[in-house]
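Heads up, the thing below is written out as structure tokens.
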Amino acid sequence: MRALKQLIRFGWEQAMSCLFPVVIFASLAITQLIPLPFLPRYDWLLIICLLMQFMMVRSGLETRDELKVITLFHLIGLALELFKVNMGSWSYPDEGYTKVFGVPLYSGFMYASVASYLCQAWRRLKVELVKWPPFWIVVALAAAIYLNFFTHHYWMDIRWWLSALVVIVFWRARVTYWVRGTCYRMPLSLSFVLIGFFIWIAENIATFFGAWEYPNQADAWSLVHLGKVSSWLLLVIVSFLIVATLKQVKGKNSISTNTVEFL
């Protein structure tokens, strides 16, 4: 019974950490099934995301420091969207007043919602990262990961080499978290894989409701290729670096090879 109670509590904290993503998925479903008046769908989605972000901060569900992380991740995600859409990797076929070079501005919030989940989970579960690698190694690895999303269109795709490096770099790293006064531990690389996998599931839900579409989904919806898990896994690594960098700038924690405590 105790294990069941711990699992239920853990699930509750995870659910509360996912408020922003849940609102986005609900909005995608509602606007797909019920056409809203006056504005195109993409514009309504942007308005809903902005209102949700305002309410999260206003109500205290998100701190101002977390808002900085989310905003930065929003901009990084939007830059990636602009490049990928214009390279033909995926598309946003519907009309919208808030589309820039074929990319609706609400799309950045889908990346921001990932950062929102990470920040919320770190704070709610009192997450700590043990035996964090030297900062310069993490910076170089994260930069290479992000650049590969762009450069693989012109050069070879080295995502699997980067994935192997992630395993090597974070081999000794562990993530600890607390549930009802009990501390649990998990290999950090495993947590990356799990987050990447669940985001892949979320991506399938998003494309089903027409958030965007891949070329193979133009005629009819189909599952997103499982290889996308690696892309999301690598993007999660980048988000970890963003949080660590902002925390270091704020001077609220010290990054060492032993322990790093996040938001």
Side-chain angles (χ1 to χ4, degrees), residues 2-18 21 63 65-66 69-70 72-73 111 113-146 148 159-202 229-263:
R2 183 179 184 278
L4 180 60
K5 289 179 180 179
Q6 291 292 90
L7 181 61
I8 291 173
R9 181 66 180 187
F10 177 76
W12 171 254
E13 296 294 352
Q14 289 286 341
M16 292 300 294
S17 300
C18 289
T63 67
D65 282 345
E66 290 170 350
V69 177
I70 292 165
L72 186 55
F73 206 58
Y111 294 84
S113 69
V114 176
S116 175
Y117 159 74
L118 292 172
C119 290
Q120 291 277 329
W122 275 324
R123 176 161 50 84
R124 291 178 180 276
L125 298 174
K126 300 177 182 178
V127 170
E128 293 183 357
L129 297 179
V130 181
K131 295 185 178 179
W132 184 254
F135 186 69
W136 68 269
I137 294 179
V138 179
V139 170
L141 180 57
I145 290 170
Y146 187 67
N148 185 65
R159 75 176 66 185
W160 298 112
W161 291 97
L162 292 171
S163 298
L165 280 175
V166 167
V167 173
I168 294 171
V169 170
F170 294 103
W171 181 257
R172 299 176 67 242
R174 297 290 184 270
V175 58
T176 64
Y177 57 96
W178 293 79
V179 180
R180 298 177 68 230
T182 302
C183 182
Y184 297 90
R185 176 174 295 201
M186 177 190 299
L188 186 58
S189 297
L190 177 59
S191 69
F192 289 154
V193 172
L194 290 175
I195 293 173
F197 176 72
F198 283 110
I199 293 177
W200 174 78
I201 293 176
V229 172
S230 63
S231 298
W232 281 111
L233 184 153
L234 294 174
L235 204 57
V236 166
I237 303 294
V238 177
S239 70
F240 267 68
L241 175 64
I242 294 172
V243 176
T245 302
L246 290 181
K247 289 293 287 182
Q248 191 175 51
V249 170
K250 290 291 290 185
K252 291 182 178 179
N253 72 315
S254 59
I255 298 179
S256 69
T257 57
N258 295 319
T259 302
V260 178
E261 181 171 350
F262 282 89
L263 295 171

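- To the nearest 0.5 angstrom, E13 atom CD is 6.0 Å from R124 atom CZ.
- With a 4.5 Å cut-off on side-chain heavy atoms, Q120 and M16 do not count as touching.
- Scanning both residues, S113 and P21, for their nearest heavy atoms gives O-CG, 3.6 Å.
- Using cut-offs of 30° and 60° for the angle between ring planes, the Y177 and Y184 rings count as parallel.
- A side-chain donor-acceptor contact under 3.5 Å links Q6 to the backbone of V179.
- Separating the CD atom in Q14 from the OH atom in Y117 is a distance of 3.5 Å, to the nearest 0.5 Å.
- Rounded to the nearest 0.5 angstrom, I168 CD1 and L141 CG are separated by 10.0 Å.
- Taking the side chain as every heavy atom from C-beta outward, W161 and N148 never approach each other to under 4.5 Å.
- R174 places a side-chain N or O within 3.5 Å of a backbone atom of W171 that can act as its donor or acceptor partner.
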